[in-house]
Structures are given as C-alpha cells and as structure tokens.
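These numbers come from a predicted model, not from an experiment. Just follow the structure's listing: the first ligand is 1, and inside any ligand the first atom is 1.
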Amino acid sequence: MIYPKSIAVLIEQFQKFPSVGPKSAQRMAFHLLRMPKDEVEKFAVTIIEAKENTKTCEICFNLSSSSPCEICSSTNRDHSTICVVSESKDLIAIEKTNEYRGLYHVLQGLISPMDGIGADDIRIKELLGRLTNEEVKEVILALSPSVEGEATSLYLTKLIKPFGIKVSRIAFGLPVGADLEYADEITIAKAIEGRHEI
Ligand SMILES: [Zn+2]
C-alpha cells in the first residue's frame, strides 16, 4: 500500500511497539490523524513528559518519579526482604496484590544465552551489592517459570546462598511459560504466600 511519506513514517513508529503488527499500526496511525489537533498535541506532550519525568531507582532499578524510589525510601516497608523480578511491570503486578511489604530488585531482563544476554547484562552485580547489608534476611525470586526464568533463578540461588541469606521462589499456581503480569492478583498473592526455600 502506498501512503504519503509522513503517514508511512508514523505507521513505522507504531510498529515498533510490542505486539503491534502492520494492521494495528495502520489503525492507530489513522486514528491519530482523525483526532483533533489539540488532542494530538496533548498526547505528544504526555509522551515526552512521561519520558522526562521517569527515573530508574539507583537501588532497585524500578521505574519511578524519584531515585531512590518511594518503595526503597519507605520506612513502612520490610527492608529485610528483597523480591527479585525481571521487569518493572512484574513489580507492579505484585504491588497490586497489597500482600507484599518488602523491597524489590528489578533485574531488567533474564539470562538468555540464545539472545546473547549473560549475567553481566542484567542487574545481578547490583543485587549482590545490596546483600552485603546485614539487614537483608531473605531473597524471594519471583521470575517467570520460563527457560530463562529457571536459568536465572538457578544462577542467582548459587550466588546468594554463600551470603547465608534465605532464598525462596514463589510457588507457581501460574501456568508454566506465562508472564507474571498477566496473572490475576489472587494467583500472585497465593504464589508469594506459598513460596518455598531453595
Ligand atoms: Zn527503589
């Protein structure tokens, strides 16, 4: 299909988003073009502001409006437990359950040799750095039960054990291979409750 260049470029941009194919990208582009000009401008400003006002927490690597983030700097949270997740979206899924009161560590990925992602490419070094703090008594691994999640969990367990810290994995009543973000709140809450030491 032949579009004017400006529309083709817009469709191309939308197609860069996860799970957006050519057809969806085209629908979004045309939707945008039908929107009133002031709404489009507001949308554009919102995108830029979100990018400018979002920081990565220097301690847990969560996305936040401040660094350290609200969770890391909260005195109401249990600083003896760190829950390890692969992405910020998993942290949000766990926070929604209102069941977990500890801290987090966002790895920003999982070990995946197939994709050329090794241990040094994710925030493992930084996690180990946090474990030298005597306050930390337990690390909960909340990584998806995928091949990469399993590999990362095993690797982390080996590294954390010598610190004399309890390591547990959340129980998965979750479907194998499923992403944490798609699980409902009750399933996640139960999974944290039923975690087992490894
Ligand atoms: Zn933080």
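No hydrogens or angles considered: nothing links the side chains of Asn53 and Ser65 as a donor-acceptor pair under 3.5 Å. Judged purely by distance below 3.5 Å, without hydrogens or angles, the side chains of Glu138 and Ser168 pair a donor atom with an acceptor atom.
Summarising the local packing, CZ of Phe17 is surrounded by 12 or fewer heavy atoms from other residues, nucleotides or ligands at distances under 6.0 Å.
Under the 30°/60° scheme for interplanar angles, the aromatic rings of Phe61 and His105 are found to stand perpendicular.
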| Hey, mind stepping through Arg77 and Glu95 against salt bridge (Lys or Arg N to Asp or Glu O under 4.0 Å) and telling me if it holds? | CA-CA 12 Å; Arg77 312 270 320 195; Glu95 278 300 284; 2.9 Å; yes
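Within the protein, the number of N, O or S atoms lying under 2.8 Å from the Zn ion (ligand 1) is 4.
The line from CG of Leu33 to OG of Ser6 is 7.5 Å long, rounded to the nearest 0.5 Å.
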